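Residue numbering restarts at 1 for every chain, and letters A, B, ... go by the order of the sequence lines. The structure displayed is predicted, hence computed values, not measured ones. The analysis underlying the following values was restricted to heavy atoms, covering all of them including side chains, and did not include hydrogens, waters or symmetry mates.
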Amino acid sequence: MPPGFDARGGSTFFSVFSHAQAKLVAMANIRVRFAPSPTGYLHVGGARTALYNWLFARRHGGVFVLRIEDTDLDRSKPELVTAILEGLEWLGLHWDEGPIHQSERLDRYRDLAARLERSGHAYPCFCAPEELQAKRARAEAERRAWKYDGTCRNLSQAEQARRRAEGRPAALRFRVPESGETAFDDEVFGRVVLQNSQIEDFVLLRSDGNPTYHLGVVSDDLDLRITHVIRGADHLSNTPKQVLMYRALAAPPPVFAHLPLILGPDRQRLSKRHGATAVGAYREQGVLPEALRNFLALLGWTPPAGADKPDGKEVLTIEEMIATFDLQAVSKSNAVFDLEKLAWMNSVYLRALPRNRLLALAEAELASAGLWREAWADPPAAGPSAGQAQAGSEREAFASTVMLLQSRARTLKDFSGSFRAFFSDQFDYDAEAVKKFWKEPALPGLLRELAARLERVEPFTAQKCEKKLREFAEEKKLKAGVLINAARVALTGQAVAPSLFDVMAVLGRTPTVARLSRAANFLDKT
RNA sequence: GGCGCUAUCGUCUAGGGGUUAGGACGUCAGAUUCUCAAUCUGAAAACCCGGGUUCGAUUCCCGGUAGCGCUACCA
């Protein structure tokens, strides 16, 4: 580390350091952080921010720090911290340090605030919040721009002391220069410049002694030696305030990279109104973490096209993402969260899932829907015995059912939803399916006869079943399709399912025959 | 209202002073077929508007418009 790099050293060396040079130094020892506030669940926007931070750290061999910004005591809920951590773990975004709770670091913030006050960069403000609110409301009513008016900015030492002696509560405000401008070079947005006259003397320390966001972030980013601040673009306009603080502390600011926001289909900022925004909700809906992660990665970032990754390849392994992630390739414009594309991506990942993992996930889904049967469980690896051989065959039947269904699943929910008939005898006949495929008047008799013939098929395989059914159709001078489609509805209750004969094989003889008869009985009654 | 940022198919985006403006999702059509999905083939679909610079702007500059963000003793 070159001299003068200790952020807390207060060296002025950095004031002459160019942005490019600072960047170079920062690259040598990358430290990034994700700093959610536990006032809500892990939002997909937050998850993407975390992902980009994580990718950046992994790409550059850096450290990914997790920090919980819980300085708003009223709104922060400890149980939400757990939910956020779980969300991150689920997505595979493991942090190297933390979680660090800001609520446990109040001394650090007060120290920094005191330092700022001593150096004249901050001053106590005795204005009552209600008073300020009234002024603001008035200004708004008169359609004037409002900014803190500096009432307490130039109080004499004696006056400050007098008011303190009176026990009047004071907030600490940052003294923003009256003129000039503040600029920084954002990795995504480029140079951003703001007139200091536009920035108000913002609060650093509340009158109850707790820090505000700005104090907390700068203090912690300094303490944690954060080199790159990668966060949502909603912080872009706040950044000059923080840059001003770094300047007042004679400390080098980190490199900033702001990420465009994620919007709902109506182009409004994504919120509950648009449906699920919490990562956990997607998990519950049967989305795979790697699918959500891949989808989120592409929401604002385009991987480079190369020989190994021809234009159009959007399904990326985590390794490919790490190898190619680049802040320069992050888009500047906000992106609409496209549920359809997520669903597609999820089906791609679902189809590529290795057998064991798929079976485990299907089991979990069925269990939570109350459809799981212990007989399907993975038999213990111990030596074979009569009982286990039996269990093993049940297991095999379960496994082949799941594998048969794999290619048509959109989410894990399908296993307990549209695939229900494969795991339970309790299912209804879909009205549309009945209308479409149960038109043939002679159907009850046909289904019964078919059932009778299938009873004699040996062995009960897809091929044998198909042969039997086609022979039967020919005898009856029926198109095989009529029988096939009718039987599909009988076996699954649906018009949509895998190849009928595969369905028969997977169900087994007894359920197949029973369901055909049951359908015949049902038809008799209607 | 003030300030900031952004602007390519419906959506995510590539591209860049001269291109048939490329890809992905979705949509539509066809192939396949026992339904659906998958797969394959094909199609429709975009440079916000106005000025300027230029031989030539979708690309560069300015303005407008729209969208989003910030404008708290929230983060």
Discussion item. Taking A:Lys436 first and then A:Glu432, would you say they form a salt bridge - that is, a charged N and a carboxylate O separated by under 4.0 Å?
Written reply: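 No, no charged N to carboxylate O under 4.0 Å.
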
Worksheet entry | Neighbour count above 12 (heavy atom, 6.0 Å) for A:Glu471 CD |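 More than 12 within 6.0 Å, yes.
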
Identity of whatever pairs with [N] - Watson-Crick or G-U, under 3.5 angstrom:
{"N": "B:G18", "answer": "B:C55"}
{"N": "B:C40", "answer": "B:G30"}
{"N": "B:C25", "answer": "B:G10"}
{"N": "B:U35", "answer": "none"}
{"N": "B:C48", "answer": "B:G64"}
{"N": "B:C3", "answer": "B:G69"}

Fill in: Ring centroid separation A:Tyr282 to A:Tyr41 under 6.0 Å
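No, the ring centres sit 6.0 Å or more apart.
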
Between [M] and [N], how far apart are the [atom1] atoms? Round to whole Å, please.
{"N": "B:U8", "M": "B:A14", "atom1": "C1'", "value": "10 Å"}
{"N": "B:A38", "M": "B:C49", "atom1": "C1'", "value": "44 Å"}
{"N": "B:G64", "M": "B:C25", "atom1": "P", "value": "40 Å"}
{"N": "B:C60", "M": "B:C47", "atom1": "C1'", "value": "15 Å"}
{"N": "B:A66", "M": "B:A57", "atom1": "C1'", "value": "22 Å"}

Worksheet entry | Quiz item: cation-pi between A:Arg48 and A:Tyr52, 6.0 Å / 45° |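 Judged by the rule (NZ or CZ under 6.0 Å from the ring centre, within 45° of its axis), A:Arg48 counts as positioned above A:Tyr52.
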
Nearest to the side chain of [X], heavy atoms from C-beta on, is which of [options]?
{"X": "A:Trp344", "options": "B:C5, B:A7, B:C25", "value": "B:C25"}
{"X": "A:Asn238", "options": "B:C70, B:U6, B:G26", "value": "B:C70"}
{"X": "A:Ser207", "options": "B:U11, B:C73, B:U35", "value": "B:C73"}
{"X": "A:Ile484", "options": "B:C34, B:U35, B:A75", "value": "B:C34"}
{"X": "A:Arg410", "options": "B:G69, B:U35, B:G26", "value": "B:G26"}
{"X": "A:Lys241", "options": "B:G26, B:U71, B:A72", "value": "B:U71"}

Is there, by distance only and without an angle test, a donor paired with an acceptor across the side chain of [X] and the base of [N] below 3.5 Å?
{"X": "A:Asp234", "N": "B:A75", "value": "no"}
{"X": "A:Glu314", "N": "B:G23", "value": "yes"}
{"X": "A:Thr212", "N": "B:C73", "value": "no"}
{"X": "A:Ser499", "N": "B:C34", "value": "yes"}

Worksheet entry | Qualifying residues under salt bridge (Lys or Arg N to Asp or Glu O under 4.0 Å), relative to A:Arg357, sequence neighbours excluded |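 Listed in chain order: A:Glu290.
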
Worksheet item: Once you round it to whole Å, what is the distance between C1' of B:U71 and CG of A:Leu236?
Response: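 Answer to the nearest Å: 14 Å.
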
